[in-house]
There are 2 protein chains.
Amino acid sequence: MKLSSETTDRRIKKSKKAMQQALLEWMEEKDFKSITITNIVQRADVNRGTFYKHYDYKEQLLEDIMDEITADLKEAFRKPYKSKAMLELPELTAPSVKIFEHVLKHDHFYTLVIASNMLTGFQYKLVSILRGLVLEDLLQAAGDEGIDQRLQAGYHSHAIFGLIVEWVHGGFEHKPDYMAEQLLLIIRNRPAEVVFKAEN
Amino acid sequence: MKLSSETTDRRIKKSKKAMQQALLEWMEEKDFKSITITNIVQRADVNRGTFYKHYDYKEQLLEDIMDEITADLKEAFRKPYKSKAMLELPELTAPSVKIFEHVLKHDHFYTLVIASNMLTGFQYKLVSILRGLVLEDLLQAAGDEGIDQRLQAGYHSHAIFGLIVEWVHGGFEHKPDYMAEQLLLIIRNRPAEVVFKAEN
DNA sequence: TTATTTAATCAACACCTGTTCAATAAATTA
DNA sequence: TAATTTATTGAACAGGTGTTGATTAAATAA
């Protein structure tokens with residue numbers, strides 16, 4: 001008798017890896033939209049049925065690739081942080097430096113995904129992770145003046161994502177330390193009269 | 001002789017409207033992904049060639065619909081604001097109240113787009129508009145302590161979008177005034193030690 | 001190793017896609 | 001109004017899609 005074992009069948013891993021690799025290669029050559037399932041399976045040298053056995057559409061295949069990137073982001077937060085930047089910047093910005101270092105580590109992928117327009121799935125994952133981290137800290141820090149902490153978490157997680165988008169669009173012309181410093185400055189700033197000017 | 005006139009041909013308007021209406025109707029019934037071009041043109045009662053004359057893919061048709069929504073957002077900012085909330089809240093939050101009122105006005109559409117996962121195009125437009133408004137104000141308010149204003153604009157525009165997402169996911173359980181109040185509280189809060197807790 | 005389970009393959013299917021073309025109908029211009 | 005321009009139509013096409021069922025091959029369990 002054969003029960004569902006813990007480790008996935010080597011054939012599955014092999015097929016998935018081949019298709020993931022094929023998709024990434026095609027993405028270097030042409031627009032995501034114009035890449036067909038047939039393209040992918042031909043380059044991966046697997047049957048089209050194999051694709052449909054594991055995925056419903058190509059976006060799902062991309063999400064599989066994204067999962068590895070976001071796993072790295074999560075891991076980056078667990079490791080203790082040691083670097084020059086930490087000595088120069090306030091201690092509390094360390095985790096945010098990690099974010100930007102993570103993005104820079106995968107700069108090619110981030111550029112590919114953000115520059116084109118298929119980040120829905122990726123953005124969702126990324127923001128969800130950031131939101132979780134922010135919310136965790138907010139709950140520990142305990143209530144501030146009647147602020148809805150879910151809204152606050154949604155606000156800050158998207159905000160950091162926005163910073164990443166700007167960074168990518170600018171072609172990574174700044175160092176991660178600079179980005180973390182800017183994040184701190186923006187947060188510390190009193191932008192009430194700046195975010196939206198009152199009409200006279 | 002017939003030159004390109006200012007007003008678009010009535011046939012074009014009619015065809016586009018029919019297809020837009022058909023897409024919205026299908027979106028009530030099934031997943032965006034599973035809606036085919038054939039579905040749309042059959043319900044709109046136009047030839048498939050007509051679709052491809054105006055659009056490349058269905059996402060473009062959706063963007064056409066989105067343009068009307070975002071046009072309303074822009075317009076909402078130009079009109080002078082008068083309401084009860086203005087008396088209760090600081091004057092400078094008025095424009096942000098408008099944002100949330102706009103979202104509530106189109107609550108059905110926002111829910112449809114944000115709950116599903118095809119907001120890439122819409123989000124881009126929305127954030128771009130917010131970013132433009134924020135950046136405009138930032139440039140007028142003049143430099144604050146070495147903050148990169150583009151990064152700041154990206155930060156705040158995505159942050160507000162994040163607030164909208166939270167609001168939609170929560171099923172609009174708050175009033176626009178409350179959302180604007182929360183926005184103000186979050187911005188005014190000193191969240192430096194809250195956004196990311198320093199590890200010990 | 002052998003038996004069993006399960007993934008990958010191949011062929012075939014109806015349907016959707018994106019494009020082309022000549023024919024038609026509706027709009028605009030004078 | 002008549003003449004001209006242009007959108008829409010309908011048919012047809014080579015391809016891609018998503019699914020099926022029977023067969024083969026590889027991985028796992030005993």
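A note on names: the letters A, B, ... follow the listed sequences, proteins ahead of strands, and every chain is numbered from 1. The shown structure was predicted, so the numbers you read here are calculated from the model rather than taken from an experiment. Below, each value reflects all heavy atoms present in this structure, side chains not excepted, and no hydrogens, waters or symmetry copies.
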Exercise for the section: Could you tell me whether the phosphate oxygens of dT17(C), OP1 or OP2, come under 4.0 Å of any side-chain nitrogen or oxygen in Thr38(B)? Expected result: yes

Handout entry: Distance below 4.0 Å between Thr36(A) side-chain N/O and dG15(D) OP1 or OP2
Key = no

Rounded to whole Å, how long is the line connecting atom [atom1] of [X] with atom [atom2] of [N]?
X        : N       : atom1 : atom2 : result
Phe51(A) : dT9(C)  : CZ    : C1'   : 17 Å
Lys30(A) : dG16(D) : NZ    : C1'   : 11 Å
Leu61(A) : dT17(D) : CG    : C1'   : 16 Å
Lys58(B) : dG18(C) : NZ    : C1'   : 15 Å
Lys17(A) : dA8(C)  : NZ    : P     : 14 Å
Lys33(A) : dG16(D) : NZ    : C1'   : 14 Å
Ile40(A) : dA8(C)  : CD1   : C1'   : 18 Å
Ile37(B) : dT19(C) : CD1   : C1'   : 13 Å

Practice task
Using the six-membered ring wherever Trp is involved, compare the ring planes of His156(B) and Tyr155(A) and label them parallel, tilted or perpendicular (cut-offs 30° and 60°).
Solution key: tilted

Handout entry: Backbone of Gly146(B) reached by a side-chain donor or acceptor of Gln182(A) within 3.5 Å
Key = yes

Between the protein and nucleotides 7-11 of chain D, which nitrogen or oxygen pairs are less than 3.5 angstrom apart?
residue: dA7(D); atom: O4'; partner: Arg11(B); partner atom: NH2; Å: 3.4
residue: dT8(D); atom: OP1; partner: Arg11(B); partner atom: O; Å: 2.8
residue: dT8(D); atom: OP1; partner: Ser15(B); partner atom: OG; Å: 2.3
residue: dT8(D); atom: OP2; partner: His54(B); partner atom: NE2; Å: 2.8
residue: dT9(D); atom: OP2; partner: Asn47(B); partner atom: N; Å: 2.6
residue: dT9(D); atom: OP2; partner: Thr50(B); partner atom: OG1; Å: 2.8
residue: dG10(D); atom: N7; partner: Asn47(B); partner atom: OD1; Å: 3.4
residue: dG10(D); atom: N7; partner: Asn47(B); partner atom: ND2; Å: 3.0

Problem - Side-chain donor-acceptor pair present, Asn47(B), Thr50(B), cut-off under 3.5 Å - result: no

Practice task
Taking atom types as modelled, find out whether Asp31(A) and Ser34(A) have a side-chain donor-acceptor pair closer than 3.5 angstrom.
Solution key: no

Problem - Tyr110(A) ring center near His102(A) ring center (under 6.0 Å) - result: yes

Exercise for the section: Please check if atom NZ in Lys14(B) has more than 12 non-hydrogen atoms from other residues, nucleotides or ligands closer than 6.0 Å. Expected result: no

Problem - Lys175(B) NZ: over 12 foreign heavy atoms closer than 6.0 Å - result: no

Exercise for the section: Provide the full list of salt bridge (charged side-chain N to carboxylate O under 4.0 Å, His left out) pairs with a residue in residues 41-53 of chain B, sequence neighbours left out, each pair given once. Expected result: Glu25(B)-Arg43(B), Glu29(B)-Arg43(B)

Practice task
Compute the bend angle of the helix from dT1(C)-dA30(D) to dA30(C)-dT1(D) from the end axes (five pairs per end), rounded to 10°.
Solution key: 40°

Exercise for the section: Go through the steps to decide whether Glu63(B) and Lys58(B) satisfy the test side-chain contact (heavy atoms from CB on, under 4.5 Å), and finish with yes or no. Expected result: CA-CA 9 Å; Glu63(B) 280 195 38; Lys58(B) 56 183 174 169; over 6 Å; no

Practice task
With DNA chain C as reference, determine whether Arg10(B) or Tyr52(B) sits nearer its 5' end, using the nearest nucleotide of each.
Solution key: Tyr52(B)

